[in-house]
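Letters A, B, ... are given to chains in the order of the sequence lines, protein chains preceding strands, and every chain is numbered from 1.
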Protein chains: 2
Amino acid sequence: MYGKKCMLENLRWDLYRTFLAVLEEGSLSAAARSLALTQPTVGRHISELESALGLSLFTRSQTGLLPTDAARALQDDAQAMRGIAAALERTGCGFSAGICGTVRISASEIVGVEVLPPILAGLQAAHPGLNFELVLSNKVQDLLRREVDIAVRMTAPKQEVLLATRVGDIPVALHAHQNYIERHGLPTSLADLESHVLIGYDQETPYLRAARAAYPFWSRANFALRCDSDLAQLALIRAGAGIGICQVALAQKNPHLVPVLSELFTLKLTTWVVMNEGLRNSTRFMTTFKGLVQGLRQYTQTPMNQVK
Amino acid sequence: MYGKKCMLENLRWDLYRTFLAVLEEGSLSAAARSLALTQPTVGRHISELESALGLSLFTRSQTGLLPTDAARALQDDAQAMRGIAAALERTGCGFSAGICGTVRISASEIVGVEVLPPILAGLQAAHPGLNFELVLSNKVQDLLRREVDIAVRMTAPKQEVLLATRVGDIPVALHAHQNYIERHGLPTSLADLESHVLIGYDQETPYLRAARAAYPFWSRANFALRCDSDLAQLALIRAGAGIGICQVALAQKNPHLVPVLSELFTLKLTTWVVMNEGLRNSTRFMTTFKGLVQGLRQYTQTPMNQVK
DNA sequence: CAGATGCTATACAATAATGTATGGCAAAAA
DNA sequence: TTTTTGCCATACATTATTGTATAGCATCTG
C-alpha cells in the first residue's frame with residue numbers, strides 16, 4: 001500500500017554507465033578504476049540510482065558487491081545503452097575531417113576469414129587512420145541498431161533505410177577431400193548421397209532455407225555431421241570427414257578437394273554490402289563501403305568464381 | 001592528412017541526451033526548457049560534444065540551430081539510447097516494493113482496441129499504482145530491445161530468453177455487412193468471391209502469410225480495398241464496403257454483420273502473451289503478465305470465440 | 001520605424017559533483 | 001597471530017558543472 005514514486009525519474013544517463021561497470025567489475029573500487037573515477041564517486045552514483053529507483057541494486061559485502069535480481073534484470077538494458085553509445089561515437093568520428101576511426105563490419109565466418117582480410121588490408125594501407133572491427137557470425141547482425149556499421153550479407157536487403165549494393169554471385173557446391181572419395185567412391189547421382197557422410201548445418205539459417213527450397217534433400221535430417229560454423233564445416237571437408245558445401249573458389253585453392261555432383265547441385269550466393277543510409281555522408285564509412293564493394297566485386301569476378 | 005583523435009572518447013552519456021533534445025526541439029533554449037536545464041548549459045554540452053567528436057553538429061542561426069548531416073546521422077542512435085534508458089527505468093521501478101509503475105504493452109490494433117481495454121481496466125482497478133502504455137501496431141515490436149515490456153502476439157515465439165504463454169485461439173472469418181450482401185448477394189463458394197469487393201492488407205505481415213498459405217486466393221492481387229490497419233478494415237466491413245476478415249467474436253457483437261463462407265474459410269489465430277525472461281522477478285511485470293494471460297484466456301473461451 | 005519576441009554568447013556567482021585522505025572491517029597470506 | 005591486501009564508508013577540500021544576469025543580434029508585428 002505504500003507506493004514509491006515510480007514516475008518519470010529523469011536520471012542522468014551516466015548513472016547507468018557507472019552501474020554497468022560495477023555490475024561487470026564486481027566492486028565499487030574496480031568499477032572506479034575502469035571508469036577513471038574514484039571509489040566514493042562510484043558509490044554515490046549507485047546509491048543515487050538506488051534511491052531514485054526505490055530499490056537496492058547490490059548487497060554490500062566486504063569481498064565485493066552482489067547484484068540483486070533487480071540489478072541483473074537491468075544489465076541487458078545497460079549493456080545495450082553502452083553498445084549504442086559506442087556506435088554513436090563511431091558514427092560521429094566518421095564525420096570528422098580525414099578518413100580515420102573504427103568501422104565495425106559483420107560477415108559470415110567464411111567470408112571474414114577467407115575473403116575480407118586482403119580487402120581490409122588494402123584499405124588499411126591506403127588509409128592508415130582506419131581501423132576495422134570484424135564481427136563474424138552467421139546470424140544477421142542488426143544494422144539498424146548499429147551493432148555493426150557495415151554488413152556483408154548473402155540475402156537481399158529488405159529495409160529501405162539501408163544503402164545496399166550487390167557485388168556479385170559466389171558459387172558454392174558440394175566438395176569432398178580426395179581421401180574421402182577414395183574410401184567412399186564418387187557419387188554420381190543425388191540418390192547416391194544417401195549412403196554418404198553429409199556435412200551440414202545444425203540450426204537453419206535464412207540462406208540455408210533457400211538452399212533447401214531448391215534441393216530438398218539438403219535438410220538437417222540427412223546430415224551425419226552437423227555444425228553451425230562454416231569454418232568448421234570447411235575444416236571437416238578438408239579433413240576428409242565427408243561431403244559438404246563450400247565456396248568453389250576456396251575449394252580450388254586446395255588441390256586435394258574435388259567437386260561432387262557439381263552439375264547437379266550448385267548454388268549461387270548473391271552477395272551484398274549493406275550500410276545504414278544515414279552514414280552516407282561520412283567519408284570514413286563511405287570509403288570503407290566503397291572499398292568493400294570494389295574488393296568483393298573483384299573477388300566474385302575472379303576466374304575461380306566464374307565456373308558457370 | 002591532419003587526423004583528429006578519433007580514438008575512444010569516453011564521453012558522458014548525458015551529452016547524448018542533451019544533443020537529442022536540441023535536435024528535436026530545434027534550439028538550445030527550447031531544449032533547455034524540455035530538459036529543465038538552462039540555455040548556457042545546453043550550449044556547453046553541445047560544444048563539448050562537438051569538440052570531442054571533432055565535428056560541427058549544428059550551424060548556428062538566429063532562428064534556431066540547423067542540424068548538420070553528421071547530427072542527423074547520430075539521431076537514430078541517440079533516440080535508441082533514450083528508448084533503452086526509459087525501458088531501464090521501467091524495469092527498475094517494477095522491482096521496487098509495491099505493484100506500481102508503468103508497463104508498455106504491444107498488441108495488434110484490433111486486440112488493443114477491442115479486447116485489451118476491459119482487461120487493463122480490471123488490472124488498473126485492482127492495482128491503482130499500475131499504469132499502462134499501449135503500443136498498437138501490426139509490426140512485431142522488439143521485446144529484446146525493450147521497445148515494449150510485454151507483447152500480445154499471434155505468432156509463436158521463437159527466442160528462448162522470452163517467457164511466453166499460450167492463451168488460446170481467436171477464430172477469424174470472412175464477414176460483410178447486411179447492406180453489402182443485399183446489394184451484391186451472398187457468395188456460396190470461394191470462386192464466387194472473384195466478383196466481390198474484397199478488403200485486405202496492403203503490405204504482407206507474417207500472420208497474413210500464414211493465411212495465404214492455407215487459402216491461396218487470399219492474396220494482395222485479389223483485394224479491391226487494401227489497407228494495413230485492421231481497425232480500418234473492420235470499419236470498411238461495418239460500412240458495407242465489402243467482404244473482409246475479422247474476428248468472429250467482434251462480428252457477433254454487431255447484428256448487421258453476417259459471416260460469409262464461414263464453413264469454407266476460417267482461421268484460428270493462436271495467441272500468446274510474451275515477456276522478457278529477465279522481468280520474471282518483478283512483481284509489477286508479473287502481475288500484468290498474469291492479468292493479461294488470465295483476461296485473454298477468458299476472452300478466447302467466450303462462447304462467441306467457440307464457434308468451432 | 002519602434003517595440004516585442006526569441007535566439008545565442010559571455011561573465012560571474014552559486015551549487016553540485018568529484019577527488020583526497022582516512023578509518024574500519026574482513027579475508028587471505030606470511 | 002600478525003601482516004597484507006582489498007574493500008566500503010565518511011569527512012573535508014577541490015574542481016567542475018550549472019544557474020543567473022546581461023548583451024547582441026536577428027526576425028516579426030503593429
Side-chain angles (χ1 to χ4, degrees), chain A residues 5 8-53 55-68 70-72 74 78 81 85 89, chain B residues 8-68 70-72 74-75 78 81-82 85 89:
Chain A
K5 41 162 183 173
L8 29 116
E9 302 283 355
N10 214 4
L11 294 164
R12 300 151 44 204
W13 290 1
D14 291 310
L15 299 184
Y16 304 138
R17 184 175 56 169
T18 307
F19 162 71
L20 181 59
V22 174
L23 210 49
E24 291 180 339
E25 299 290 336
S27 78
L28 300 184
S29 313
R33 283 191 292 272
S34 84
L35 292 173
L37 296 175
T38 58
Q39 170 258 319
T41 299
V42 173
R44 282 185 287 247
H45 282 182
I46 295 300
S47 47
E48 191 175 336
L49 243 184
E50 286 180 326
S51 71
L53 295 176
L55 49 83
S56 83
L57 293 168
F58 299 94
T59 53
R60 262 72 172 176
S61 80
Q62 277 72 18
T63 162
L65 279 75
L66 288 176
T68 62
R72 270 188 290 270
L74 298 177
M81 278 190 83
E89 275 192 27
Chain B
L8 31 115
E9 301 283 355
N10 214 5
L11 293 164
R12 301 148 49 200
W13 289 2
D14 291 310
L15 299 184
Y16 303 139
R17 184 175 56 167
T18 306
F19 163 71
L20 181 59
V22 174
L23 211 48
E24 290 181 339
E25 299 291 335
S27 78
L28 300 184
S29 312
R33 282 191 293 271
S34 83
L35 292 173
L37 297 174
T38 58
Q39 169 257 319
T41 300
V42 173
R44 282 185 289 247
H45 282 183
I46 296 300
S47 47
E48 192 176 333
L49 243 184
E50 287 181 324
S51 71
L53 295 176
L55 49 83
S56 85
L57 293 168
F58 299 93
T59 52
R60 263 71 172 177
S61 80
Q62 276 72 17
T63 162
L65 280 75
L66 287 176
T68 62
R72 271 189 290 270
L74 298 177
Q75 185 166 20
M81 279 190 82
R82 178 176 54 191
E89 274 191 29

Under 3.5 Å donor-acceptor pairs involving side-chain atoms of residues 31-39 of chain A, not counting sequence neighbours:
residue	atom	partner	partner atom	Å
A:S34	OG	A:A31	O	3.1
A:T38	OG1	A:T41	OG1	3.1

### Task
Send over the distance from A:L15 CG to C:dA16 P, rounded to a whole Å.
16 Å

### Message
If I take atom CG in residue B:D14 and atom C1' in nucleotide D:dT18, what distance separates them, rounded to the nearest angstrom?
### Response
13 Å

### Separation of C:dA26 C1' from A:L65 CG (nearest whole Å)
14 Å

### Any side-chain heavy-atom pair of B:Q75 and B:E24 under 4.5 Å
yes

### Message
Tell me if a side-chain donor or acceptor on A:T68 pairs with a main-chain N or O of A:F58 at a distance below 3.5 Å.
### Response
no

### Query
Taking atom C1' of D:dT15 as reference, at what distance in whole Å does atom CZ of A:R44 sit?
12 Å

#### Entry: Rounded distance in Å - CG (A:L11) to C1' (C:dA17)
16 Å

### Task
For side chain to side chain contact (heavy atoms under 4.5 Å, CB included), just list the numbers for B:L74 and B:Y16, CA-CA rounded to whole Å, side-chain angles, deciding distance to a tenth of an Å, and then say yes or no.
CA-CA 9 Å; B:L74 298 177; B:Y16 303 139; over 6 Å; no

## Note on the structure
So CG of B:L65 and CG of B:L28: to nearest 0.5 Å the spacing works out to 4.5 Å

#### Entry: Between C1' of D:dA16 and NE2 of B:H45, the distance in whole Å
11 Å

### Query
If you check every side-chain atom of B:S27, which of D:dC7, C:dT8, C:dG19 has the closest atom?
C:dT8

### Query
Between D:dT18 atom P and B:I46 atom CD1, what is the distance in whole Å?
12 Å

### Task
For DNA chain D, determine which residues of residues 28-43 of chain B have any heavy atom closer than 4.0 angstrom to one of its atoms, and list them numerically.
B:A36, B:L37, B:T38, B:P40, B:T41

### Message
How many whole angstroms separate atom CD of B:E48 from atom C1' of D:dT18?
### Response
12 Å

### Task
Look at A:R12 and C:dT18 and indicate whether a side-chain polar atom (N or O) is within less than 4.0 Å of OP1 or OP2.
yes

### Query
Is a side-chain N or O of A:T59 found less than 3.5 angstrom from the main chain of A:L66, in a donor-acceptor match?
yes

